[in-house]
Amino acid sequence: MDSVDSVFYSERLGPSNNPLLDQLPSYQSLLYRRKSSATGSTKRRGSSRRHLSSSSSWKWKGDKVEEKPKAVAHQRLICELPKTMEEKRRDNVQRMEQARDLSSWKQWRQNTHHSLKRLKEDCMELLRRLKLWRGDIHVIEGMFGTGILSYFSFLRFLVLLNFVIFLLMFCFIMLPIIIAPHTSGNATFDLYNGRECSNYPSTSRRGLVVFHQYITDLLSGTGFLEETYLFYGYYKVESIYFPKFSYNLPLAYLLVTITYLFLSLIWIVKRSAAGFKRNLVQDEDRFQSFCNKIFAGWDFCITNETAARLKQSSLLYELKTDLEEERIKQKIADRTRREKCRIYVLRLVLNLFVVAVLAACFFSIYRATIYSQEFQSSQFDQRPNFILELIFEYLPSIVITLANFITPLMFTLIIQFEDYSPAFEIRFTLMRCVFMRLASIGVLLFSLWSQITCDLGPKCPCGYKHSDYPCWESRVGQEMYKLTIFDFIIIGAVTIFVEFPRKLIVTYCDCGLAKWWGQQEFAIPQNVLEIVYGQTICWIGTFYCPLLPAICTIKYFIVFYIKKMTLVKNCRPATRPFRASSSNFFFLVVLLIGLALACVPVIFSIAQINSSRACGPFMNYTKSWEVVPEAVSQLPGGLPTFFFALSSEAFAVSFFVVTCLAMFYVIALAGAHKRVVDQLREQLAMEGRDKRFLIQKLCQAQRTSVRSAGVQSHADRDRQSNRGAQNHDDPGGVFLAQPPVSATHV
Amino acid sequence: MGTTASQLQKDLLSEYQELTFLTKQEILLAHKRFSELMAKEERSSPSLRVPMEKILTMPELKSNPFRERICHVFSTSDMKDGSLTFEDFLDLLSAFSDSATLEIKSHYAFRIFDFDDDGTLDCGDLEKLVNCLTGETEDTRLNPEEMRQLITNILEESDIDKDGTVNLSEFQHVISRSPDFVSSFKIVL
């Protein structure tokens, strides 16, 4: 231990044996670094990386540090010193004594600083305790490492997001309606003249209702559920008159919709910003991939022995594939023209095949949706029995789930023939799966849209097929509601009826087939895709079904426990692990794509499709968006002019131009930074070489002078203490071959 | 919690809080777990050493391939047997805690990976390190050719001054750009 310390500290912290070496720029930059990190130590959490990297030796002014190097060392927090407890304690006592010399004002300031810090830590601890699932996530992290942990914290984030969206919906839309009767408020709506369009037959079942019909209603959102707070159609309120003011519900409805989309966007972007930056940096230095795997490869959190063994084998696998990849790259470079042609043709054919599969899936979703819609518009008494009815209702969901189950299997099979590099294979399969998942929602919405709308004309006076869809928004809401429920049922069912029996078979059956099949892997990408799919539906559906966020909150809350159970009991972690840093970013990117996809239909239906005349808050407007210009024109003073100016083309064009300019500026800045980094890196390597050369010369010169003075013992001691650092070509001539600290912190 | 709190005096506790990155709860939990490793009658003496074999039975360390190195690095014993006192144990947890700085973490990681304690990571250290990561048995090891290629690659990436070894500052430089390190270099009780 002591010998190690002498190597570590004799050159770095204590006075170096060689006074010349103290004057090296690299050593002084180290001192500077310590100082800067000491001043920043109050906000050390999270900022350590920054002051590590921001300390550049070029800015440094030589005389400042030499004045009081001791004071600099004392500024650092004790717990930040890499020393044993005994030494730290001694240091602390020393500091206390020195502190006694300080003026009382400084002492007081130091003390209050300390107690404030303590208080802050206690508060943070308390807050952390309040966090949802802290214990569960802790356990998962301990057992399976950070990759899987990131999946669960992502799930927690979605629960929170949905809960906040629900609160928004509840406070601004439901609450006014609920409290209106109690505060002598008055909710009004007047029916528009379009008689034909405003005819809205009740769908609730009449006469004797059999019990199972309630179940059907509950699962598909029809019947008694249709006329509740659950769906858009219920909010048939023009404005609510409270004693003091009137509440414009349609405007609130629209604004809340825009707000929740914006809120989600900002929240996701904020969460992904850190990961995005990191990813950019990482992408730039590809040349550090092996070091990352070796030096930061082990997850010290892992306590589960199987998980540890798996981690080892996955690391082995990863290293082998990486080494293999280098060889494959070589092979790809060596390909003959004929081989290249063959592979490109093969890829083309396979891609065509993939497109065909996707097209077939989309077409079947389209057919299923239309069939299901036609069935729902048919008369009650023509309907077959209860089970068939449910199946027809859920046909689109079933087809989507089936397609999403089969296609990933097919993609993983196909990709093997395409001869890509292993890393790209995984990414490409994933991209195809993401596309499949999200596009299937798009196709569903498209087929709904084609069913609902018709061109305005004598045949179609309302702008939508009012005979089949008297309140089409509610119908879309029902579809989204069904998708959500079905997704939830599938997650539960797969866990209970597929993964659990599989685990049983693999554990208790000794035959070869079962062993080959193996235990279920907890594949993070697929699981993430699943919940992103659910979230996209939720975003789309919230406009049509304002209580959907609440349902999603509950759903994800339960999914968390299901997934935790299946992870602990049924699954093993995937052999190909997901790194926490890359996965966090991946999750949020997929989620962003989902959000973008969700925005399109919502915005389109607000701005383009005629709102139903028979139900909902926008029954008096042709299009939902019209409520905004009307509200703006009622504003007092010059505000309407101001807002109309904002929405004019002139403003839009100039705004666009300014945004473009800003973007170009940022891009140029990024490019410049990148170049500077490259240059600095080059300079660094050069300086390292220079320094080594200089130090060699210096030490040689010094040694000859020392020898001539006849003081041999000093040099011997030096040689001894630097034994370890000395494996160079010229062991006799260089006894301080290692520069004390090379200025490597760019 | 009440019983453990009485066993650890208040001033000592606040001193530990001062000297480590741990919070009060974590220190108390550490104390509880550490005293479980000792026999009942020994628990009162604070400077008692617990031999490495006993420390390694803790589930947090049991499946860690670096467990013996960790004990050796944090041990203050003169015998170099890897035995830990309670304070050494707190040092260990502090370095592996959530709030420890990157500098501390990378410093100790370097010493853990420096198998022959000579202050640099040379080829031998790197080979041992890779073997620890992939598992020690014959069939899980990389073959010599792959190992050679891997070590060349690592040195190419991290050895800035091209002296054939990785020293502490080079190591810290590499680590500071590795996004996963801070989150994975962590032991939670």
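Please read these numbers as outputs of a predicted model, since none were measured by experiment. Quick note on labels: first sequence line is chain A, next is B, and so on, each numbered from 1.
Residue contact with chain A, scored on non-hydrogen atoms closer than 4.5 Å, is absent for B:S106. There is no contact between B:L61 and chain A, counting heavy-atom distances below 4.5 Å. Within the 4.5 angstrom heavy-atom criterion, atoms from both the backbone and the side chain of B:F185 approach chain A. Heavy-atom distances place both the backbone and the side chain of B:L133 under 4.5 Å from chain A. Proximity to chain A involves both the backbone and the side chain of B:K186, based on heavy atoms less than 4.5 angstrom apart.
Put simply, of B:P59, B:P65, B:A95, the one with the most heavy-atom pairs under 4.5 Å next to chain A is B:P65. Interface summary for chain A: among B:K24, B:K62, B:E60, B:Q149, the most heavy-atom pairs under 4.5 angstrom belong to B:Q149.
With sequence neighbours excluded, no residue satisfies salt bridge (charged side-chain N to carboxylate O under 4.0 Å, His left out) with B:E146. Evaluation of the ring-ring contact (aromatic ring centres under 6.0 Å, His included) rule for A:F295 yields B:F171 as partners, not counting sequence neighbours.
In this structure, the separation between NZ on A:K117 and CD on B:Q17 is 9.5 Å, given to the nearest 0.5 Å.
Ring geometry for A:F300 against B:F66 counts as parallel: the plane angle stays under 30°, on a 0 to 90° scale with 60° as the upper cut.
Between A:W298 and B:S184, every side-chain heavy-atom pair lies at or beyond the 4.5 Å cut-off.
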Can you list the steps and then say if B:L150 with A:I294 is a side-chain contact (heavy atoms from CB on, under 4.5 Å)? CA-CA 10 Å; B:L150 181 62; A:I294 297 298; 4.2 Å; yes
